[in-house]
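Read through the structure below, which is laid out as structure tokens, and then see the notes.
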Amino acid sequence: MTIAKTCLFIALLSYSTVVLTTIFIPKNEIFYRCGQAPYYENPNTLDVIFIGSSHVEWGIDPNTIWEKYGIPAINYTVLGLDLKHSYFLLKEMLKYHQPKVMVIDVWRICDENDANALTNRIANMFPFSWNKIEMINSNPNLDSLHKKMDYYFPLHLYHTRKLDSTDFNFHYHNIERGHFVNFDKKNQEHVFNDCNTIASLTKTEVSYFERIIAYAKQEKIKLIFVSIPHLSSKIDLLKKINAIELLSNKNGIPFINFNKEKNFKAAGLIYSTDVANDSEINGHLNHLGAQKIASFLGEYLQKNYHLANKSKDIAYNFLNENLLTYKTNIKNNFPFSVPTKGNKLEKGMSLLPGDYLSSANNQYKLILQNDGNLVLYNNENKHTWATYTPEKGIVNLIMQEDGNLVLYGQNSTPFWASNTANKPNSFLILQDDGNLVIYQNNIPTWSSNTAQ
Amino acid sequence: MNFTSVHFLCFFPFVVLCYYCLPLKLRWVWLLVSSYYFYMCWNPVYALLMLTSTFITYLCGIFIDSIRNSKSGDTSRKNIEKTIVIAGLCINLLILFFFKYFNFFNESFQYVWNSLGMSWKMNNFDLILPVGISFYTFHALGYIIDVFRGDYKPEKNFIKYALFVSFFPLLVAGPIVRASQLLPQFYEAHKFDIQRVWSGLLLILWGIFQKLMIADRLSILVNTVYNDVNHYQGFQFVIATVFFSFQILCDFSAYTDIAKGASQIMGINLIDNFNKPYFATSIKEFWRRWHISLSTWFKDYLYFPLGGSRNGKIQTYRNIMVVFLVSGLWHGANLTFLIWGGLHGFYQVLAMISKKYTNIIIDKLQIIRQGFSLKIFNILTTFILVNLAWIFFRANNFNDALFIYKNLFVTNFEVLFTENLYKMGLDIFEFRISLLLIVLLIGVNFIQTKISIRQFIMNLWLPIQWAICILSILSILVYGIYGNNYDASQFIYFQF
């Protein structure tokens, strides 16, 4: 009885401490949310898992893989992750999921300089377990119990934090599935540095590489190593990646190096449009790039690993619903990121909330916003004209057969019109001068009078 | 190994688990091994010093016993016993002197000689003070004197004697116990008793609460002010000194509570070391409530041998001053500690001299002696006097202490109503929490004068006991001053 009571007391105390720790760990970083993937994903519903650093987070869009190939996938990433720590992420993920393929990004191999920060990030993500202890103990900088305390028990480090409302948000469901959506563009060209020489790897580096292979083999999971574009010019890093590629080949494990010009182009990537304009790091991909890499990898996985298309499987309906929300969110948050409907609205065509027209010179945009307001923006993102119809439940904007341009709400209630009825064969165009005009037989019948 | 460290959190349960699993005969060996491991975590070499001290005093006891049992004459026997005791005391005191006081006396002599125009030059020794040396030396000295006086039969079992000197809960900061209080308990069989263990754990929890929540929080403000005295004045010194008075109480009392709780878990009872000292109505009473084990040690082994109060007033005053000056010096080899001890001696002598006159005043003013008002007045007066003495105790050096005294009475009450109040190391939130915790401490001390809070908690319904316990632990985890963001304070009395 005494032992049972003692155990119950310790269990209660431990549970309270875990809850407290969860509150105090900073959760506002997207990386913390990505790191929760093993615990909040439906168990054993993942066929492919991408492990890596921010390069994977920015550079692979699992929703695209689902949309195109019906392969359930997710990114499991940590800022600055090196190959050594990928081993611990692999083990953590495999505690909860049994994927068919694990794709591991090779960037840094074993980074001792950033080791403490990396240990800290992963320690914040992992619940207390032997894997966590092993991960912390693998850090050579932490040579005493006192130094390890912050990592074993994050409360030791964070109990002085001032809390805010985000600390009580335990909703970790990641609609982006670990992908960071970004639409910045580099808008410049890049000279590839295809280094072909090989650096020697340290014992630790080789040891962790072998551990990854052995563990995947033990768990009967196929491995693929990739090097997602980081476009680094650091020769030492490129040589190390080459060394890993060589080791992979020796072990019969595929290695796809997207940092080599040939593979970069094979994936359809274009530096000026698909690489984000990140001043700090040379080569994070933007969303367009991530979609291209995802398409390439999706096809590769389907072809080589015969992964079934599960998009019609009822058990995976949640991923279809997730995809819809994901797309809507992108439309809402990045209104000009979805393909434009061109610069013309011909008779019978319509715009739905979120859709937009773009002038041929790409300087002006007419968007039917999600709030129902139809707004014309100039190249400085300032509005020059609008219908002022927000919050009216606008459903669409139609260029009617009769030549009238009308904004309709629920139950076909018109809220705004150009009053150009009885002018058939009309069309609406957003001109390069910023003027929005309705023409019938090349005669303007209506305009927004916003020519610049 | 600090009592509030994770190291101790792992060490102690392991020691207790093995202690109860081992057969009775081996338990004391295990505790001795654990105690030496505990000590060696600070400095393994200094464990040899403790072992030397233990061995010498153990042999003294054995020799005294064998001489007593020999057939030689009474006078020569007494003389040999005296020689052995004096030798034992001298060797131990010399070790203490060498490690703790040599540099202080060397510098003091140099200062005096140089002031007199004479040259004196001897280099100081670059030594780290062995942790707890004053405590275990006093354990050993008390033992020899007790054996010599015939108050305690010499211990024949070296393991148990060595454990008496080095028993880890009280090794580095007391309480200083007598052989007669501790050694017999090593011969008793202590069975695992869940109620006793739970009671011990509650005491440890209260100790950790006092240390991490109160003492270390208050120390932030105290250290900020006392380490940079030139930037503060008046009421800021008052706040810092009052905070220090509660810091040192919580710090030392926390150590004692953890030591007592840990011993209790193993079935060993230690004496009380504190009894709500700030409720004392006189300095004399304060010393019956503060660091009780040290006060009684000095009373039994110094004050009484000097003659106590039997040889007239002047000698009594002298004896009091000697005891308190030595007590001051025991706390540290520094002029500030000497003055602190001297001040307490002076307070007591002054109280004795003026007793007659204060009685007259009380009678003339028709103040009820047992009345509440007089009691409060006396408590406040004692508290203020103790605080004035703490200034010397805490100040980093004599000049800092003088500076504080000079600027203590600058009237800058406005500091209470400005942002300057929160520029002493604690922000507004931490400052308010500190005040709240001081009020809580006073409240707990007050309730303890009426009932035992620990016993009260233990009589509650089990889930409520657990809830109190878990909430206290969680409060410490959240609001405690620990972790790498803080420079964790050692227990103050470790340095003595």
Side-chain angles (χ1 to χ4, degrees), chain A residues 1-27 115-121 123-124 127-128 130 132-133 136-137 139 141-164 167-168, chain B residues 1-2 4-11 13 16-17 20 41 191-198 200-202 205 208 212-213 216-217 220 265 426-430 433 458 461-488 490:
Chain A
M1 192 60 183
T2 305
I3 294 172
K5 277 184 188 172
T6 310
C7 290
L8 183 62
F9 178 78
I10 292 171
L12 279 172
L13 183 60
S14 307
Y15 181 73
S16 317
T17 313
V18 168
V19 171
L20 208 59
T21 306
T22 317
I23 292 170
F24 274 86
I25 286 180
K27 289 174 285 293
N116 285 11
L118 192 51
T119 308
N120 174 255
R121 281 179 219 125
N124 286 352
F128 196 76
W130 181 248
K132 178 172 180 169
I133 294 173
I136 294 165
N137 289 347
N139 184 339
N141 302 336
L142 306 176
D143 51 5
S144 70
L145 181 66
H146 180 70
K147 287 182 188 168
K148 289 175 187 171
M149 281 306 294
D150 283 350
Y151 307 94
Y152 284 147
F153 305 106
L155 199 58
H156 197 260
L157 178 68
Y158 294 119
H159 73 106
T160 53
R161 272 189 65 232
K162 299 267 182 279
L163 299 179
D164 57 44
D167 292 307
F168 297 91
Chain B
M1 191 190 307
N2 199 325
T4 50
S5 67
V6 183
H7 198 170
F8 185 77
L9 203 70
C10 304
F11 164 82
V16 173
L17 191 72
Y20 281 113
C41 287
K191 285 185 182 167
F192 184 84
D193 174 358
I194 187 70
Q195 283 300 309
R196 196 188 61 223
V197 169
W198 182 235
L201 284 173
L202 285 177
L205 183 59
I208 294 173
L212 296 184
M213 292 284 278
D216 287 354
R217 176 165 275 106
I220 297 171
I265 287 170
L426 295 178
D427 61 23
I428 184 163
F429 176 73
E430 290 290 328
I433 284 208
M458 288 180 69
W461 187 42
L462 194 66
I464 297 178
Q465 286 185 46
W466 286 11
I468 292 172
C469 203
I470 289 174
L471 281 176
S472 306
I473 294 171
L474 296 185
S475 314
I476 295 169
L477 286 175
V478 175
Y479 294 110
I481 304 294
Y482 69 92
N484 293 336
N485 285 347
Y486 292 108
D487 179 16
Q490 279 274 22

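In what follows, every chain begins at residue 1, and chains take the letters A, B, ... in the order their sequences are listed. This one's a predicted model, so the numbers in the text were calculated from it and none came from an experiment. Values below: every heavy atom of this structure, side chains too, minus hydrogens, waters and symmetry copies.
Side-chain atoms of A/N137 and A/Y152 form a donor-acceptor pair, as typed in the model, at a separation below 3.5 Å.
Of the atoms belonging to B/L477, heavy atoms from both backbone and side chain fall under 4.5 Å from chain A. Within the 4.5 angstrom heavy-atom criterion, only side-chain atoms of A/L145, from C-beta onward, approach chain B. Using a 4.5 Å cut-off between heavy atoms, A/F153 does not touch chain B at all. Interface residue A/L13: backbone and side-chain heavy atoms are both found under 4.5 Å from chain B. Interface residue B/I194: only side-chain heavy atoms are found under 4.5 Å from chain A.
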- Message: Would A/K148 and A/I133 count as a side-chain contact (heavy atoms from CB on, under 4.5 Å) here? Give the steps.
- Response: CA-CA 9 Å; A/K148 289 175 187 171; A/I133 294 173; over 6 Å; no
- Please test B/C469 against A/F9 for side-chain contact (heavy atoms from CB on, under 4.5 Å), starting from the C-alpha separation and ending with a verdict. CA-CA 10 Å; B/C469 203; A/F9 178 78; 3.8 Å; yes
- Show your working on side-chain contact (heavy atoms from CB on, under 4.5 Å) between B/Y479 and B/L212 and close with a plain yes or no. CA-CA 8 Å; B/Y479 294 110; B/L212 296 184; over 6 Å; no
- From CA spacing to verdict: side-chain hydrogen bond (donor to acceptor under 3.5 Å, both in side chains), A/N124, A/Y158: CA-CA 10 Å; A/N124 286 352; A/Y158 294 119; 2.8 Å; yes
